[in-house]
Structures are given as structure tokens and as C-alpha cells.
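Here the structure is a predicted model, which is why all the values come from computation and not from measurement. Below, all heavy atoms of this structure are taken into account, side chains as well, without hydrogens, waters or symmetry copies. Quick note on labels: first sequence line is chain A, next is B, and so on, each numbered from 1.
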2 protein chains.
Amino acid sequence: MTRARGKAPTILDIAAEAGVSKSAVSRALSGQGEVSAETREKVERAARKLGYVANAMARGLVSSQTKTVGVLLRDMTRPFYALLQTAMQRAAEDRGYQVVTATSAADLGVADALRALRNLVSLQVDGLVVSSARLPSEEIVPFIDRVPIVVAGRRETSRGITSVFCDDADGGTVLAEHLLQLGHERIAVVLADEAYSLSQYARGFAMVERIRAVGKTPVVWHVATDREATQAITDQLDGAGVTAIMCPTDGSAVDALEVLRQRGQSAPEDCTVTGYDGFGPLNTPYLGLTTFRQPVEEIGRTSINLLLDKIEGKTDQDRLVELRGSLIEGRTAGRLPRLP
Amino acid sequence: MTRARGKAPTILDIAAEAGVSKSAVSRALSGQGEVSAETREKVERAARKLGYVANAMARGLVSSQTKTVGVLLRDMTRPFYALLQTAMQRAAEDRGYQVVTATSAADLGVADALRALRNLVSLQVDGLVVSSARLPSEEIVPFIDRVPIVVAGRRETSRGITSVFCDDADGGTVLAEHLLQLGHERIAVVLADEAYSLSQYARGFAMVERIRAVGKTPVVWHVATDREATQAITDQLDGAGVTAIMCPTDGSAVDALEVLRQRGQSAPEDCTVTGYDGFGPLNTPYLGLTTFRQPVEEIGRTSINLLLDKIEGKTDQDRLVELRGSLIEGRTAGRLPRLP
DNA sequence: CTGTTAGCGCCTTCAT
DNA sequence: ATGAAGGCGCTAACAG
């Protein structure tokens, strides 16, 4: 029942049209090898006329390089990954590579991630950027001697893997320090489960550590994921006597603000609230979140550049690149407010 | 300088390892054709042992179908496209297809979009979903008899193209009607340029129309893009005497709220504000935006399903699928407030 | 049920 | 500078 689709023209069709051999066409179109100006001209006209588009499969099959890098992302609906993707795309494009992205709809489970990874490898990508805080490194290792790999967004020390990530400990420490400077004595930290996100856990852990380091006792509210912050805060805010709530993401910080709002309270008058991320739609002056900005774009750009350097043999070294973010002083954190 | 990368094993290696012919291997691994349980067993063991991953290029070259659909998106940093991507990914996965996404970093210009489109075609995708409100249909047409195409997010009437989109006129009308019901007499509409976004323009236009239809005069503030709403509102709010501002997106609605906040005002007490989209991080009860929700997930899912139906020859018909969203009554719109 | 054979579209020596 | 020929890894007819 399908409408007859015109078979895509091949170099043979062009060769016939232009009255030259297929190798001449190949040379003219790929830019490799010598061709006379006249031949090139004829070939190009024929190609345009027939609407020729090279078959990347056939090309990749013989040349065993596809000028394509595979990117495995955890979940595109999170601004972090969306921005990462965009930054990578741009960086790759600048160096003449194409990006093929694989994601699972929801959070990528290990099995899904592996399948996606195999698909990418199957597509003969020249390199791989893996950014899925959940995929254990053991699963990645089997691929490292088949294709260069860069892990983005988390520290990865396996031999043969370069990783680019943000120093979560630094961010958590800086934020906690900021609140301590503001005079807060009793601070709640919403701590996400390690299994859910290494990064969220790391930054929260650093906050806790920093608060302890100055002799104060943090109030730790464990949550499975940052999306459950609302529930945790609602349940435990009363009587906790905290003057500040530190959240693992900007999204959960907004949730915290909502809990306060429902009680007729607001930040920072009644309680200080901090987030973490500093990008995306929530990064708006209207909300004015006090948060820590992750250098997403830089992570993306750096990842791609290091990967392409590896692919092109410009370097043989694995590296650990740790990027730092910066504190954003918004309006949701203030000096120690009156205690209830 | 590159570390020697182990050549990927081919079916020949597996055939040797398993002691069978390469076609037996092909049959066993691809699931096509009959194979004895014993052979299959041997082959699978060998494949696992050697870490075999099929070469999608070779496979696609001969079978001329790749079980891959290409998706061209305008800009991944916008939640709309990110969510669309995710929904498509999920739908495709459910039917055994892989999604290859192409985007430009910034807004996809026509030239970029075309290049990306060619790349996708070059990869021999079995079908294409195009979602770039800017790419003129003339540019798409040349591809329609090479590969099935679905346009997502905008109405497209060219022969051979199925399109799935949201009824922006309906959304704009519903929102405007809502405000009129609330008693607003003088309403500002922030209208984005048609060249920038057909959708944003269409919904704004519908708002204007609806307001006129009941004999009132809308105050139209033209902007090049929704991202410039802050400037436009700041410049023109004073003395405009409006009691409500209708914005083309939720992002710009938040910008409007910020303009009010800087004047010590707020919605809906001093001025009603509405957005448009109803998804992503801004869709949070804390903001409580009165807005119109676009059925992004549904657009994505439907697009993929229609595309795959076309690919698999289940249908030969082009369709125009118009989906409807729904009004979200938040807290930023209220009854006619006191006039200043 | 299995092995043999012929390409898929392209690039790449090798002659010319 | 150009054409002829071989093969990349795989599937899909064929025979057996």
C-alpha cells in the first residue's frame, strides 16, 4: 500500500548522468583525490539535478569512520541534560562532527542504557559521550577498547576513560558556607539518595560536612529523589526549628518555596531557601533563587573537545577535568530571621 | 599516537569461533530464518565471548531499512522540544525503533536545518519527523518521495506530508475568553513576530481576535520573540491602563510578573497575567500561572505512531491531526482589579 | 536446517 | 586525471 518511493540515486546514477566513471564521482563529491575542474562541475550538476544524498552507511562501511559521535543522556526532560546536549551539539558541529543522541524516555535504567550504548556502537560512532549518573562504570569498560569514551557529569577513574564533571563538593561547601556567614545556626539539608544521583548526593553531603565542620548540627532530610522534596519538607518542617533549607536542585527549592507559601510564609523572611543548578527556566530574576550555578555548557563543550582530540589522535591521555561553578546570590537567602 | 583499538569482531569471527558458516550466524543473531537450537546456542555464546556488536551500517546497507527514525528539532533548550523529543523517543522505542536527533545549538536557521535534514537522510533513516517552526515547507518537499515525513508542531498541508499540531487558535481564544469572563475590559496582548514563531503568533492573534469579537479593543505589544517581553512590557505598561497582560509563553509570563514585582506590584491583585505552554519547570504550583497547556507528549507520541504506520505501510494516507490543549486556571488571573 | 553466492553503495588501490 | 576492480560487514536468495 505504500506509495512508491523513488529509489535514492547512487553514484552510479550520477556517473551515468555526468558521463564519467563512478570513481570520478566519488572523488569529486568526497573531495578526496584529484579531479579536473570540468569533471567536478559536471558531477556536481548531475548530483544536484538528481537530488543526490550520499549514503552514510555505505560510506561508513568502507571508510570505517563516520564523523559521528554518540551521546548517551539520562533524561532529556531535565534542563541539565538538554543544555548539555545543546552545548555538545554546537561543539561537535564546529569541528565537523554530527551528534547522535540516545536517551530513554524516563530515567535511563541500566538495561536501557546498555541497549542504547550498543545501538550507538552499532551505528559505528567514532566516539562516545556518556552522561548517565546511573550507569556503573563496569558496564562502560567493555566498550573502551572499541571506541574512545568520555564520561560527562561525573568523575570516572577507570583506565581509558576521560571524564569531565563539576565539583559538587565545592558547590555544596560554598553554598553552606554562604548560609553560615549569614548567621544561620540550624540548617536543614534535603539529601537525595546516592543511588538516584551521585551528584545530588555529593553536593548535599558536602553541605552537611561543611556545617558540621564549624561545629553546628545540620538537620538532614533524606529523600529518594529531589522530586520528593515537597513531601519531605512538608512532613518535617514543623517543629524542626530550622532557619534555612538547602535543596539539591532548583526544582526542589521551588518546591520548598511552595511549602512555605502554603503556610503563609516566604523566603527569606520566614526561612531561607537555596537551590542548586542555576540554569534553565528556573533561572529567572522573578524567582531570584539563591543557588549554585553548574557550568553545563562548559562541561558539554569540554567533553566533546576532549573526545574529538582522542578520536583524531591528538592525545592519548585520559584526563580528569573538574570544572567549578559559581554562587548565585539571589533573594531567597537572608540573614538569620526571627525565630518562630 | 592512538591506542590500538581492537578491531570489532564480525560475523566471520563468530562463525569461526562457533564453527559454523557466516550465514548461520546472521540468521541466529538477526532472528530471521530457521536455525537449530544447538547452532543458535553456539553462536550466541561465541558472540558474547567476543563482545560482538552488529554493524548497523552493513546491515542497513543491504537491508535498506535501519529501524531508525530521524527527528529534526529546532532547539533542545526549549522545554517544548525537549519534551517532544522525550515523548517521541518513548513511542519509537515501544515499537522497536531508534531515534536519531538532529538540532542546531541555537535556533535552527534554514541552512542549518537543511544540512541537518540531509545528514539524517544520509543516515538512511526510515522516516523523518520535522519540528522546526521555521523551515519552509518548500524545503521539505524534495524529500517526501524519498522518505516518509511527519511534521510535528505545525499545520502542514503539502501533499505527502502528515502533520500533527496543536490548535493554537483554540488556545488563544479560550484564554482570552477566560479573561473576558473575569470582567477585563482592557487587555494587553504580547504578540510575537510571525517569522519567529508561527505558533506564538497564531495564539496571540487568536487572543486579539477574540477580544475584538466582543467589541473590546486589545492593546497589542509587538515583540520579535517572546524573550523580549520584559523590555516591551516595561516600556509600555505605564499609562496603558490595562488590567491584564497575555503573554505568548510561560517564560514571558514570568518575565511579566517580574516587571510587576519591580514596581512593587503583583498578579492578580494589580494586574492579571497569563502564559501559554503549561509544561516544564515553570509548571509549578508555586508560580501558579494561569496558562494554556499544550499536549506536547501527545503530539510527540502521535507523530511517531503516524510515521511508523506510514513506514510500515499500514496507511498510505496523509493526515492533519489537530490536538487540543486545556486551560489551566492558576492564581495569576483574577477578576477585574481596582484601577490605578 | 545449513552453507554458498551475490550484491547493497561507496572508497581506494592500481593501472592506464 | 581517470577508469577498473576489489572489498568493507551483512542479508537474502539460492542450492544442498
Side-chain angles (χ1 to χ4, degrees), chain A residues 5-44 46-47 50-68 118-119 121-126 146, chain B residues 5-43 46-47 50-68 118-119 121-126 146-147:
Chain A
R5 304 221 165 263
K7 286 283 300 166
T10 74
I11 50 172
L12 254 93
D13 300 314
I14 300 190
E17 175 80 22
V20 295
S21 79
K22 63 171 181 162
S23 5
V25 175
S26 172
R27 281 190 281 258
L29 294 178
S30 67
Q32 317 279 38
E34 315 292 280
V35 202
S36 72
E38 190 197 0
T39 303
R40 156 162 288 122
E41 167 69 15
K42 279 192 296 188
V43 168
E44 279 173 355
L50 300 182
Y52 173 78
V53 178
N55 184 329
M57 303 251 138
R59 181 173 283 173
L61 187 54
V62 48
S63 62
S64 70
Q65 65 141 349
T66 53
K67 287 283 184 180
T68 295
R118 302 180 77 84
N119 277 335
V121 171
S122 166
L123 276 176
Q124 308 301 104
V125 295
D126 295 337
R146 187 144 313 161
Chain B
R5 306 221 162 263
K7 285 282 302 165
T10 73
I11 48 173
L12 254 95
D13 299 315
I14 299 189
E17 174 78 23
V20 296
S21 78
K22 62 170 185 167
S23 21
V25 175
S26 171
R27 281 191 282 257
L29 294 179
S30 67
Q32 317 280 39
E34 314 292 280
V35 202
S36 72
E38 189 196 0
T39 303
R40 154 163 290 121
E41 167 70 15
K42 278 192 295 186
V43 168
L50 301 182
Y52 174 77
V53 177
N55 184 328
M57 304 250 136
R59 181 174 282 173
L61 187 55
V62 49
S63 62
S64 70
Q65 65 142 349
T66 53
K67 287 283 183 182
T68 295
R118 301 179 77 84
N119 277 334
V121 172
S122 165
L123 276 176
Q124 308 301 106
V125 294
D126 295 338
R146 187 144 313 161
V147 56

| task | Determine, step by step, whether B:Y52 and B:V25 satisfy the side-chain contact (heavy atoms from CB on, under 4.5 Å) criterion, reporting the C-alpha distance in whole Å, the side-chain angles of both residues, the deciding distance to 0.1 Å, and the verdict. | result | CA-CA 11 Å; B:Y52 174 77; B:V25 175; over 6 Å; no
| request: Write out all pairs satisfying salt bridge (Lys or Arg N to Asp or Glu O under 4.0 Å) with one or both partners inside residues 20-38 of chain A, taking only residues at least two apart or from two chains. | output: none
Name all residues meeting the side-chain contact (heavy atoms from CB on, under 4.5 Å) criterion together with [X]; count only those two or more places apart in sequence or in a different chain, and write none if there are none.
X	value
A:Q65	A:S63, A:K67, A:D126
A:D13	A:P9, A:T10, A:L50
B:T68	B:T66, B:Q98, B:V100, B:V125

N/O contacts under 3.5 Å, protein versus nucleotides 13-16 of chain D?
residue : atom : partner : partner atom : Å
D:dA13  : N6   : B:R27   : NH1          : 3.4

Taking all non-hydrogen atoms of both residues, which atom of [X] and which atom of [Y] are closest, and how far apart?
X	Y	answer
A:A8	B:R146	CB-CD, 3.9 Å
B:E17	B:A46	CG-CB, 3.4 Å
B:V53	A:R118	CG1-O, 3.7 Å

| Start and end of the DNA chain C segment that chain B contacts, any atom under 4.0 Å from a heavy atom | C:dC1 to C:dG9
| Judged by atom type as modelled, is there a donor-acceptor pair below 3.5 Å linking the side chain of B:S122 to the main-chain atoms of A:A54? | yes
| field | Residues which pass side-chain hydrogen bond (donor to acceptor under 3.5 Å, both in side chains) with A:E44, listed by chain and number, not counting sequence neighbours | value | none
| note | Residues passing the side-chain hydrogen bond (donor to acceptor under 3.5 Å, both in side chains) test with A:S30, sequence neighbours excluded, are none
| request: To the nearest 10°, let me know how far the axis at one end of the helix from C:dC1-D:dG16 to C:dT16-D:dA1 is tilted from the axis at the other, five pairs an end. | output: 40°
| request: Look up atom CG in A:L12 and atom OG in A:S26, then write down how far apart they are to the nearest 0.5 Å. | output: 11.5 Å
| message | To the nearest 0.5 Å, what is the distance between CE on A:M57 and CD on A:Q124? | response | 9.0 Å
Atom pairs under 3.5 Å: protein N/O with N/O of nucleotides 7-10 of chain D:
residue : atom : partner : partner atom : Å
D:dG9   : N2   : B:A58   : O            : 3.4
D:dC10  : OP1  : B:Y52   : OH           : 2.4
D:dC10  : OP1  : B:N55   : N            : 3.4
D:dC10  : OP2  : B:I11   : N            : 2.5
D:dC10  : N4   : B:K22   : NZ           : 2.6

| Could you walk me through whether B:V43 and B:V35 pass the side-chain contact (heavy atoms from CB on, under 4.5 Å) check? | CA-CA 10 Å; B:V43 168; B:V35 202; over 6 Å; no
| query | Does anything in residues 35-44 of chain A reach DNA chain D, meaning a heavy atom under 4.0 Å, and if so which residues? | reply | A:V35, A:S36, A:T39
